[in-house]
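Working notes, structure below.
Each chain gets a letter, A, B and so on, in the order the sequences are listed, and its residues count up from 1.
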Amino acid sequence: MATVRVQHAAFDLGAEAALLAAGRTDVGGLASFVGLCRADDGLAALTLEHYPGMTERAIEAIAAEAEARWPLTGCTIIHRVGRLPPGEPIVLVLTASSHRAAALEACAFLIDWLKTRAPFWKREEFADGRERWVEAKAADDAAASRWDQT
Amino acid sequence: MRILYFAWVRQKVGRAEEEVAPPPEVTTVAALVDWLAAQSPGHADAFANRRTIRCAVNQEFATPDQAVAAGDEIAFFPPVTGG
């Protein structure tokens, strides 16, 4: 069962990774992805909005799909919401498995599907006062579609 | 029927949520969008380009032909951009 949290507060990668290995000896590898707020084109901050209730359910469904496809011993997904200036972490995906391939592949799958299937929306705020909603990218759809099963 | 709006759809409609009672012939997401778009200039603006709007019925992604009924929670929003 995955750990899923949507929160304003920052997360601690080391502490979350330690929790996935704590008290067990069958974990052979941990893989992690941390998404950060990048300062493109004078960006002052991103504000992330979500759909309370549906967002958590959608992430849990994505995590369940990863657990069905790979033999994971654990999985943690933390996504932040609210206003985040450049350099701040936005999202954490952690996977644990007995062997590295499952952990690495499941981690890549989870962030690709999160970007295209979890209800979050980013608004960009620039130093000159302009604001705009980030548009969905075809490249993200393409990255997610490589995990399609026929 | 409880309608929720997110991101720029919320800004264009001018509210985050509303209770509505559409007429009985409104039985699908597509028909609901047509009905909502006629409710105010803000609604019309939000639903002007249907291809840019996504929908969820009772917190599950939905297609335009999906059925809707009284008591449902229906959300409209742009394509997602998290991660």
remark   = A:His50 and B:Phe6 have their tightest heavy-atom pair at O-CE2, 3.4 Å
inquiry  = Counting only heavy atoms from other residues, nucleotides and ligands, does the tally under 6.0 Å from CZ of B:Arg50 exceed 12?
reply    = yes
ask   = Take atom CD in A:Glu135; do more than 12 heavy atoms of anything else shown fall under 6.0 Å from it?
value = no
Examine [X] and [Y] and state if one hydrophobic cluster contains both, with Ile, Leu, Val, Met, Phe, Trp and Tyr joined whenever side-chain heavy atoms are less than 4.5 Å apart.
X        : Y        : answer
A:Leu94  : A:Ile77  : no
A:Ile62  : A:Trp121 : no
A:Leu48  : A:Ile78  : no
B:Ile3   : B:Val13  : yes
A:Phe120 : B:Leu4   : no

inquiry  = Please output the residues of residues 76-83 of chain B in contact with chain A, using a heavy-atom cutoff of under 4.5 Å, in numerical order.
reply    = B:Phe77, B:Pro78, B:Pro79, B:Val80, B:Thr81, B:Gly82, B:Gly83
query = To the nearest 0.5 Å, how far apart are CH2 in A:Trp133 and CH2 in B:Trp8?
reply =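 The CH2 atom of B:Trp8 is 10.5 Å from CH2 of A:Trp133, to the nearest 0.5 Å.
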Point-to-point distance, once rounded to the nearest 0.5 Å, from CD of B:Glu73 to CE of A:Met54 =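 Rounded to the nearest 0.5 Å, the CD-CE separation comes to 10.0 Å.
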task = Would you mind checking which part of B:Glu60 comes under 4.5 Å of any heavy atom in chain A, side chain (CB onward), backbone (N, CA, C, O), both or neither?
result =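 Backbone plus side chain of B:Glu60, per the 4.5 Å heavy-atom cut-off to chain A.
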query = Which bit of B:Arg54 comes within less than 4.5 Å of chain A, counting heavy atoms only: side chain, backbone, both or neither?
reply =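 B:Arg54 has no heavy atom closer than 4.5 Å to chain A.
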query = Which residues, numbered in order, of residues 11-44 of chain A come under 4.5 angstrom of chain B by heavy-atom distance?
reply = none
